[in-house]
Amino acid sequence: MNRLLIATGGGDCPGLNAVIRAIVHRASQEKDWEILGSIQAFNGVLWEPTEIVVLDERKVKGIHFQGGTIIETTNKGGPFGWPVKNKDGTYSEVDRSDEMIRKLQYMGVDGVINIGGDGSQRISQKLFEKGLNIIGVPKTIDNDLSSTDSTFGFQTAVQIATESVDKLVTTAASHNRVFVMEVMGRDAGWIALNSAVAGGAEVALIPEKPYDINIVKEALEKRFYHNRGFAVVVISEGAKPKGGSASIQKNEEVGYHNQRLGGAAQRLISELKAAGFKQDMRETVLGHLQRGGVPTAYDRVLSAQFGVKAFEMALDGDYGKMVAYHHPDFTSVPLKQAIAKENLVTEDNQLVKTAKGLGICLGN
Ligand code: F6P
């Protein structure tokens, strides 16, 4: 019997269940493969007692269009930074990776498929260096993983953001207002840029291009004549003014290492007011609405392709790699290469040229 364990780590993302289902379906076509799921990323293995479920065809029936992940996820802690409470109430972190690998050996697990973003794939690489047979599947709505043309979940997030721009346009036009819509995108502005182009926004502000508030103000003023007019600004949560930094929220969750972003839209409105912009403004923060719910058909197909390919990599013993989409092929790239750099919006990207061609102000 061959045993493969699936874990879903980091922020959830539409399409996770479709990947799980594809792995299970493909595995069922081979003799003697058992697929297990660890609850809440690797916590299921590390907890005492463990929380591991058997994933068979019955368990994954009809889950391809369900958002979230049936085996849950977490973006706190993990095998290399397990939080332990000290006597004084503070927390320290311990490395439990060796213990986890031993536990997996004891459970007879031959390989692991870790579905997650850059943080999760960094964990995959470290576990691989310690000798664990592991394969990565790229997941993130931010689409900031390089070495793959696209990650699943991204198209769904863009669709949700675009539909939101469409809705804001009608209320903005009715009230002669500017709407500033904040979308996810910690380091990469792909969701903002794509939804601004698709939704016909006037301004798109992304983390890669710090903005000049006077340029934004000028672009918005052009949209008004005798106080009549409207505009939509799409801003990434990680956007920042020239010389400034991203808007950070306080977060005291134990084991959470990311900076919690938020407040970029509100700050932009204050900056515009301070710069003398006179029209009415409102902000909308999309937040986790972009991560929840049903994946688009595109993301379901991409997830299915990633899942089938990941299982076939396990079948071939192709470990230490991440599944990658290089149109029209699905290949595998070393995890080390996959985490080496982020997929960021660059000045020479065709979408930047297209946005400029449409007259979208990028704030610089
Ligand atoms: O990494 C994906 C992402 O959607 C980021 O854009 C965002 O900053 C983060 O997740 C928020 O995640 P959570 O609130 O789950 O910690």
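What you see is a predicted model, and the numbers here were worked out from it, not measured in a lab. In each ligand, atom 1 is the first atom listed, and ligand 1 is the first ligand listed.
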### Message
A side-chain contact here means heavy atoms from C-beta on lying under 4.5 Å apart; do L127 and I101 qualify?
### Response
yes
### Query
Near ligand 1, which protein residues have a heavy atom under 4.0 Å away?
N75, I141, D142, M184, G185, R186, E237, Y256, H288, R291
### Task
Could you check Q159 against Q155 for side chain to side chain donor-acceptor pair (under 3.5 Å), going step by step and ending with a plain yes or no?
CA-CA 6 Å; Q159 186 67 29; Q155 286 295 339; over 6 Å; no
### Task
Could you tell me which residues satisfy side chain to side chain contact (heavy atoms under 4.5 Å, CB included) with N227, sequence neighbours excluded, listed by chain and number?
Q279
### Query
R267 and E182: salt bridge (Lys or Arg N to Asp or Glu O under 4.0 Å), yes or no, with the steps?
CA-CA 11 Å; R267 177 170 72 179; E182 183 175 317; over 6 Å; no
### Message
By the side-chain hydrogen bond (donor to acceptor under 3.5 Å, both in side chains) test, which pairs, at least two apart or in different chains, include something from residues 125-135?
### Response
S97-K130, D98-K130, Q125-E129
### Message
Taking ring-ring contact (aromatic ring centres under 6.0 Å, His included) as the cut-off, I'd like each qualifying pair that reaches into residues 281-322, sequence neighbours left out, listed once.
### Response
W33-F311, F306-F330
